[in-house]
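Keep in mind that this is a model prediction, so the values were computed, not measured. Lettering follows sequence order; numbering is per chain, from 1.
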Amino acid sequence: MSQPTPDTHDLFAVRKAKLDQMRADGFDPFRANWDQTHTSASAKALYELGEEDEKEVSVAGRLTNIRIMGKAAFAKILDRDGRIQIYARRDALGEEAYRAFKKLDIGDIVGVSGPLFVTRTGELTVRALHYKLVSKSLRPLPEKWHGLKDSEQIYRNRHLDLIVNEESRERFRKRSAIISCIRRFLESRDFMEVETSTLHGIAGGAAARPFVTHFNALDCDFHLRIALELHLKRLLVGGFDRVFEIGRVYRNEGLDRRHNPEFTMLEVYQAYSDYRGMMELIHSMVQTVCHEVLGSTAVVNADGVEIELAGPWREASYLDLIREATGDSQWHKRSKREKLVAARKLGLALDPELEDFEVTNQIFEKRVEPQLIQPTFVTHIPRELCPLAKLNEDDPTVLDVFELCIDGVEIAPAYSEQNDPFLQMEMFEQQVGEETQNLDREFIAALEQGMPPAGGMGVGIDRLIILLTGAANIRDTILFPALRPWPARGQNELTTEREAPKGAN
RNA sequence: GGGUCGGUAGCUCAAUCGGUAGAGCAGGUGCCUUUUAAGCACUUGGUUCGGGGUUCAAGUCCCCGCCGGCCUACCA
């Protein structure tokens, strides 16, 4: 087959022409495979064991770098563990194979086998005796030195980001390790992992606008869940005394540095415990993750501020923190008007129509929470703020709950769970007001069956990952964050044209 | 939703006051058998996000739109 000369500036066409030529010569890389005996890391480990020289390995990965020097070449391949150098020379591979090697492109996926050796400059290298192209890369990779910087491309083309940006690869590896560690921690405490449904008739357990979807078979609308809470508590009623779920929840609200419309939540429920028990649980959990995954109890946030996670953590009541922020020890005795004036002094122009507790809570969210950088359990939270927790026995205006704040963000709320169906009904009615169709009567019926006293907690996993990896943005911790769908005519339209696969047989 | 900044070659970035759109990497050709962002020589490559306007002349100024970053609003 006469090789058509493609435009040398059309990187796709140049690579496609190489592929066509290979297929014409009887080799189709998309039908090939490779027997990988070692990764970059295990090959290094093997070499460091010492003993006899010239250990043979067979590695595979994506070519990220090629340096051709006449009759020999160095290249690097990237596999799941990292990079390893390979050395190809004409007299070892043979004339024909070496000529083909020189035609490889950065981004191609190859298998390479041969003995390990260390180069003059001290780098462990595989001396290629055999190699095979096992997947052709038709698109060029971003620049080798600067990587991919454009944040939109990073989010839209995460695969490119992962190939060229090592920090990104490491961050997601760490995310996986943290979640795995959390699972093992909870299992070691005899919690059982469950999966509850994501399609809810009534999206309860939190106050957030849900996404709506339509179920054709039943011809009715469903909501994507906004929390895991109510189903998990029904499992407590059912006798699963210690349950947890790690799953997606969906909230139809704005996007920003700390909010993605779908995010990962961990919820844990433990019968015969309470919010104090949850304090111990989250503290131990974070210590365990620090030791097993991070190897450190200190983390540094995106602003360079160090946060010390080793315990014990500060405990402060909601009202004390408000008093501290406003400098008013008699805050609880002030009228709403006085509170509004105080809010204004703190630079908050609040709507006078807000309820009294909402005014205070605005101060909490805008002026207190952002200041809670080191881990702090905020306790004694006003009852209006959460309808699902038990009232404090000594002061029924507050709840037996905490909110764990770190780095100015709420990481985990936990409650002594309300199990009195009458009080629960009352709280629900206050919450939903007129919209009684949003009142989850099935849940109330479950409570009427009798739910054991329990502690429960929700952990925003993505926010925890931000904290533990020092990420600047929730999108850097979510593999495929929400973005507006591609415009109809994008600059980067699909290049692969529809054509009969000629080389296929 | 509002404010603000941005979108230039496949990638990372330049382009003075409105006056012929450039560089590095990647790509192509040639040389080079231990390189490290390999090197050397030559070289291809542009709907300057899209549409309109002002002007002798627009990447640059104005208007509209698209996409994104940041701030803000919403947000248990």
Side-chain angles (χ1 to χ4, degrees), chain A residues 5-15 17-18 64-76 83 85-93 98 102-103 105-107 117-123 125 127 137-157 160-161 163-165 204-209 226-227 229 249 251-261 263 265 358 361-362 364-366 369 381-382 384-389 399 401 403 410 412-413 415 431 458 460 472-473 475 481 483-492 495:
Chain A
T5 317
D7 290 341
T8 58
H9 66 271
D10 184 341
L11 306 186
F12 190 97
V14 168
R15 288 166 179 236
K18 289 180 183 177
T64 58
N65 182 301
I66 308 174
R67 293 181 291 275
I68 294 171
M69 302 166 305
K71 298 180 189 65
F74 284 94
K76 281 195 180 160
R83 260 175 247 271
Q85 180 164 262
I86 60 181
Y87 178 51
R89 42 193 289 167
R90 192 175 68 172
D91 54 15
L93 280 174
Y98 184 69
K102 288 198 290 185
K103 292 223 164 195
D105 287 301
I106 288 173
F117 75 105
V118 172
T119 63
R120 193 179 285 168
T121 50
E123 179 156 356
T125 302
R127 185 189 307 275
S137 175
L138 292 160
R139 289 173 180 263
L141 282 178
E143 211 233 6
K144 62 185 171 187
W145 187 245
H146 297 95
L148 191 63
K149 291 264 183 68
D150 183 302
S151 53
E152 182 173 1
Q153 283 222 57
I154 285 173
Y155 301 140
R156 288 200 194 275
N157 296 315
L160 291 179
D161 173 49
I163 292 167
V164 301
N165 293 332
R209 275 183 297 169
I226 57 173
E229 178 146 3
V249 298
R251 297 187 179 179
N252 203 342
E253 284 157 3
L255 292 159
D256 65 32
R257 210 156 43 104
R258 293 193 161 113
H259 295 83
N260 193 65
F263 61 99
M265 182 99 109
E358 290 173 316
N361 199 45
Q362 282 293 310
F364 182 80
E365 287 183 2
K366 297 287 173 5
E369 202 173 83
I381 290 170
E384 294 85 353
L385 295 178
C386 171
L388 291 153
L399 300 162
V401 305
E403 278 183 10
E410 183 189 337
Y415 318 147
Q431 183 198 24
N473 192 309
R475 293 179 160 187
L483 287 177
R484 194 174 290 276
W486 276 71
R489 282 163 31 79
Q491 54 192 339
N492 206 355
T495 317

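Side-chain atoms of A:Asp256 stay outside donor-acceptor range of the base of B:rU72, with no qualifying N/O pair under 3.5 Å. Checked by distance alone, A:Glu123 brings no side-chain donor or acceptor within 3.5 Å of a matching partner on the base of B:rU35.
Rounded to an integer number of Å, the gap from A:Asn157 CG to B:rC67 C1' is 14 Å. Per the geometry, CG belonging to A:Asn361 stands 12 Å off C1' belonging to B:rC75, to the nearest Å. To the nearest angstrom, P of B:rG10 lies 14 Å from CZ of A:Phe12.
With P as the reference atom, B:rG45 and B:rU29 are 16 Å apart, rounded to whole Å. Atom C1' of B:rG10 sits at a distance of 15 Å from the matching atom of B:rG28, rounded to the whole Å. For the C1' atoms, the distance linking B:rC56 with B:rG18 amounts to 12 Å, nearest Å. Comparing the P positions of B:rG65 and B:rG59 gives a spacing of 22 Å, expressed to the nearest Å. With P as the reference atom, B:rU43 and B:rC5 are 41 Å apart, rounded to whole Å. For the P atoms, the distance from B:rA9 to B:rG22 is 14 Å, rounded to whole Å. Straight-line distance between the P atoms of B:rG27 and B:rC66: roughly 38 Å, to the nearest whole Å. Taking atom C1' in both B:rG51 and B:rG39, the straight-line distance is 47 Å, to the nearest Å.
Residue A:Gln153 places none of its side-chain N or O atoms closer than 4.0 Å to OP1 or OP2 of B:rG68. When the side-chain nitrogen and oxygen atoms of A:Arg484 are compared with OP1 and OP2 of B:rG68, one or more of them lie within a distance under 4.0 Å. At B:rU35, one or more side-chain N or O atoms of A:Arg120 fall inside 4.0 Å of OP1 or OP2 (strictly under the cut-off). OP1 or OP2 of B:rG68 has at least one side-chain nitrogen or oxygen of A:Arg156 nearer than 4.0 Å. Phosphate proximity of B:rU34 to A:Arg89: absent, as no side-chain N or O sits under 4.0 Å from OP1 or OP2.
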Query raised in the report: When every nucleotide of nucleotides 24-30 of chain B is labelled 5' to 3' by its protein contacts under 4.0 Å (heavy atoms), B for base, S for sugar-phosphate only, - for none, what sequence of letters results?
Result: BBSBS--

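Along RNA chain B, the nucleotide nearest A:Arg251 and the nucleotide nearest A:Arg257 are compared for position; the residue whose nucleotide lies closer to the 5' end is A:Arg257.
The A:His259 side chain lies nearest to B:rC75 when the options are B:rU12, B:rC75, B:rU33. With distances taken from any side-chain atom of A:Lys366 to the nucleotides B:rA73, B:rU33, B:rU35, the minimum falls on B:rA73.
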